[in-house]
2 protein chains.
Amino acid sequence: MTTRADYVTRPREAIATVLRREPRFLSAAQIYARLKRSGAGVSLSTVYRTLDRLRAKGEVTERADADGEATFMLCEPAHHHHHAICGECGRVEDVDCTAVEQFAESLRAAHGFELDGHALEFFGRCGACR
Amino acid sequence: MTTRADYVTRPREAIATVLRREPRFLSAAQIYARLKRSGAGVSLSTVYRTLDRLRAKGEVTERADADGEATFMLCEPAHHHHHAICGECGRVEDVDCTAVEQFAESLRAAHGFELDGHALEFFGRCGACR
DNA sequence: ATATTTGCAAATAATTTGCACGTAA
DNA sequence: TTACGTGCAAATTATTTGCAAATAT
């Protein structure tokens, strides 16, 4: 066979729980800290390997934070959208934006630029933090 | 006095020359490689320290590439704009976009989101590479 | 039974720092 | 002369990997 298997393990469930509980971008170290606090015996390397796998499966989105540290959030990029990230609480809201898609297309005319994709992030304070 | 001085040195000029010659995002290692090739005796730490200073002065823009590695380009964010990055040659075109600013503002109504800023990047192939 | 996952400790890779010496002003 | 910059080597930090033991199927 050429297919990969996929076991359901305690460490993986623990990691998924952390990600589900906090819908915002977390670094491997932050996830590891939460696991340790809650008594789950999961190593940092397992955190890395699991995040890698989740990213490959498209279940998690990766993003480099301001310091270049990799952060992850449970979020399928299945239907394309963008993020509004609260600088105060870190909360992330999805922004579905046809407008940007259209704007992106105009690039082709203005710059002769053949588009593959684009990334858009908004920074500020969410409704709850204002 | 509380002000900082700023000396014009051979290493700094060499680094500036590299950045001027290549208007695209380069990593510290790439810049260092070019300096070595051209015989300029400049250390990697100086490359890092100089890029840091240039960023602080707002003369250089920093960006984490796909692997999270820090890359730098001569580009003043004075008047806000965005980048169209060619995946083939790495060329970067500035995209001045009032449209996005307006769209960003609509976020406030739609999500109750108080905006600090935003970042937008386009990926694809530039006119020359098509 | 056996393919897959795990923890640990050691290996990498990027970036930063301490410090004695060099250089612009 | 003196504040500022540099190179070097060592320190830090994030991330990856090898491998023997543990676990899911």
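As the structure is a computational prediction, the values presented were derived from the model and not from experiment. Chain letters run A, B, ... following the sequence lines, proteins first and then strands; every chain starts at 1.
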Between [N] atom [atom2] and [X] atom [atom1], what is the distance in whole Å?
| X | N | atom1 | atom2 | result |
| --- | --- | --- | --- | --- |
| B:Arg49 | C:dC19 | CZ | P | 13 Å |
| A:Lys57 | C:dT4 | NZ | P | 14 Å |
| A:Glu69 | D:dT12 | CD | P | 18 Å |
| A:Asp6 | C:dT2 | CG | C1' | 17 Å |
| B:Asp65 | C:dA13 | CG | P | 16 Å |
| A:Lys36 | C:dG7 | NZ | C1' | 14 Å |
| B:Tyr32 | D:dC8 | OH | P | 7 Å |
| B:Gln30 | C:dA14 | CD | C1' | 13 Å |

Between B:His83 and B:Glu121, does a side-chain hydrogen bond (donor to acceptor under 3.5 Å, both in side chains) hold up when you go through it step by step? CA-CA 5 Å; B:His83 288 142; B:Glu121 289 176 335; 5.4 Å; no
Please check this pair: side chain of [X] against backbone of [Y], looking for a donor-acceptor N/O pair closer than 3.5 Å.
| X | Y | result |
| --- | --- | --- |
| B:Asp65 | B:Asp67 | yes |
| B:Thr71 | B:Ala64 | no |
| B:Thr50 | B:Val47 | no |

Does [N] have its OP1 or OP2 closer than 4.0 Å to a side-chain nitrogen or oxygen of [X]?
| X | N | answer |
| --- | --- | --- |
| A:Arg12 | C:dT4 | no |
| B:Arg10 | D:dG5 | no |
| B:Thr9 | D:dT6 | yes |
| A:Tyr48 | D:dT15 | yes |
| A:Thr46 | C:dG7 | yes |

From C-beta outward on B:Pro11, which listed nucleotide comes closest to its side chain: C:dT4, D:dC4, D:dG7?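 Side chain of B:Pro11 sits closest to D:dG7.
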On DNA chain D, check which nucleotide each of B:Arg53 and A:Gly68 is closest to and give me the residue with the more 5' one.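 First, find each residue's nearest nucleotide; the 5'-ward one identifies B:Arg53.
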Which residue lies more 5' along DNA chain D, comparing A:Ala28 with B:Tyr7 via nearest heavy atoms: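 Whichever sits nearer the 5' end wins; that is B:Tyr7.
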Distance to the ring centre below 6.0 angstrom and angle to the axis at most 45 degrees; does that hold for A:Arg63 and A:Phe25?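 Because its charged atom sits under 6.0 Å from the ring centre and within 45° of the axis, A:Arg63 does stack over A:Phe25.
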Determine the contact category for B:Ala70: base if any of its heavy atoms lies under 4.0 Å from a base atom, sugar-phosphate if only primed atoms, P, OP1 or OP2 are that close, otherwise nothing.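 Sugar-phosphate, backbone atoms only, no base.
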By nearest heavy atom, map B:Val8 and B:Ser45 onto DNA chain C; which one lands nearer the 5' end?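 Whichever sits nearer the 5' end wins; that is B:Ser45.
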